[in-house]
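Here the structure comes first, spelled out in structure tokens, and everything after it is commentary.
As the structure lists them, so they are numbered: ligands from 1, and atoms in each ligand from 1.
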Amino acid sequence: MAEKILILGATGYIGKYITKASIALGYPTFVFVRSSSSQDKAKAEFLDSIKASGATILHGSLEDYASLLAAIKQVDIVISAVGPAQIHDQYKVIEAIKEAGTVKRFLPSEFGNNPAVAKKIHPALQGMFGLKLQLRKTIEEAGIPHTYVSTNSFAGYFLANLAQPGQFSPPRDKVTIWGDGNTKLVIVEEGDIGTYTIKSAVDPRTLNQVVYFRPPANIVSQNEIVELWEKKIGKTLEKSYVPEEAILKTIEETPFPNNLFSAITHCIFVQGDQYGFDVEYDTAKLYPDVKYTTVDEYLSRLV
Ligand SMILES: NC(=O)c1ccc[n+]([C@@H]2O[C@H](COP(=O)([O-])OP(=O)(O)OC[C@H]3O[C@@H](n4cnc5c(N)ncnc54)[C@H](OP(=O)(O)O)[C@@H]3O)[C@@H](O)[C@H]2O)c1
């Protein structure tokens with residue numbers, strides 16, 4: 001019988017895609033949501049649509065341990081897609097999983113670079129990457145079966161705007177290039193993140209492993225992305241290059257949390273924490289049949 005999957009943070013940016021994928025792939029899908037979520041029109045519509053597709057809505061909050069435990073007791077797999085502000089709250093999820101004693105797999109909210117292979121974790125990122133690593137330690141010490149998903153860069157965050165902070169569409173005149181622009185990163189479209197996450201969550205091969213999301217056509221440098229975009233719009237953009245020292249200076253001089261974007265930019269575009277090392281569990285090899293969205297296709301939609 002198909003595993004029952006619970007998604008925490010289902011109404012969040014990436015949680016919505018994971019929830020839709022869980023339903024589309026035929027798993028009995030449960031979502032744990034705060035009652036207040038329904039006050040947001042878009043979230044209420046999303047919840048109505050997934051309910052109509054067969055999902056079970058469980059009301060509760062991370063602050064209400066009894067509601068969390070009751071939700072976790074109903075399922076086989078727990079996927080946490082809670083946001084950066086709730087990473088620490090996942091200690092309560094770990095407690096509830098321990099108490100329930102029935103969960104076959106837990107996927108904590110990672111959804112980015114694998115912090116365990118970061119060349120360096122800047123102090124600005126300790127509250128995110130450092131904390132995610134501490135959570136892993138607690139999960140492993142508790143003997144909780146798990147899978148960590150290293151999804152790399154969300155397309156909506158890093159491709160839709162060619163990695164230009166504060167922009168929501170690709171630039172047509174000028175572009176900022178981080179470092180020399182040649183570092184390879186990995187871009188993954190959000191619907192594909194949903195699909196790969198669910199496949200990784202139920203796959204016996206990925207138990208207690210880190211799964212890397214690396215669609216082969218989406219391993220690109222910022223220069224390659226910009227070149228592709230220039231071809232599509234038939235125009236050469238004016239480029240300004242920001243050297244590593246300038247990015248580091250911005251991180252130092254900008255108060256936390258406003259320096260997070262620069263710190264993440266540094267680890268993806270300069271440090272190169274997403275590519276250039278061998279991995280054992282790669283979605284490209286594990287799930288070659290998934291028809292993913294390529295960087296080229298994604299940019300074509302934006303022309
Ligand atoms: N790789 C990348 O490019 C990238 C980009 C962004 C984020 N990320 C990572 O992706 C993960 C998810 O982030 P996100 O931005 O998708 O999250 P998000 O949009 O901030 O969503 C947070 C979710 O958590 C829920 N939540 C908040 N407080 C809660 C509480 N007390 N009890 C129960 N639920 C609560 C929210 O529900 P409500 O609807 O009730 O508010 C919402 O569904 C994080 O680990 C983040 O670091 C990666």
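- Surrounding NZ of Lys51 are at most 12 heavy atoms belonging to other residues, nucleotides or ligands under 6.0 Å away.
- Note on Glu45 versus Lys41: salt bridge recorded, some NZ/NE/NH1/NH2 to OD/OE distance being below 4.0 Å.
- Under the 4.0 Å criterion applied to side-chain N and carboxylate O atoms, Lys98 and Glu95 are assigned as salt-bridge partners.
- Enumerated by chain and number, the residues approaching ligand 1 to less than 4.0 Å through a heavy atom are Gly9, Ala10, Thr11, Gly12, Tyr13, Ile14, Arg34, Ser37, Lys43, Ser61, Leu62, Glu63, Ala81, Val82, Gly83, Pro84, Gln86, Ile87, Ser109, Glu110, Phe111, Gly112, Lys132, Asn152, Ser153, Phe154, Tyr157, Phe158.
- Nearest heavy-atom pair, Gln274 versus Arg214, reported as atom, atom and distance to 0.1 Å: O-NH2, 3.4 Å.
- Paired with Glu230 under the rule salt bridge (charged side-chain N to carboxylate O under 4.0 Å, His left out), one option of Arg172, Lys239, Lys235 passes, and it is Lys239.
- Look at Lys137 and Glu141 and you find a salt bridge, because one of the NZ, NE, NH1 or NH2 atoms lies within 4.0 Å of a carboxylate O, short of that distance.
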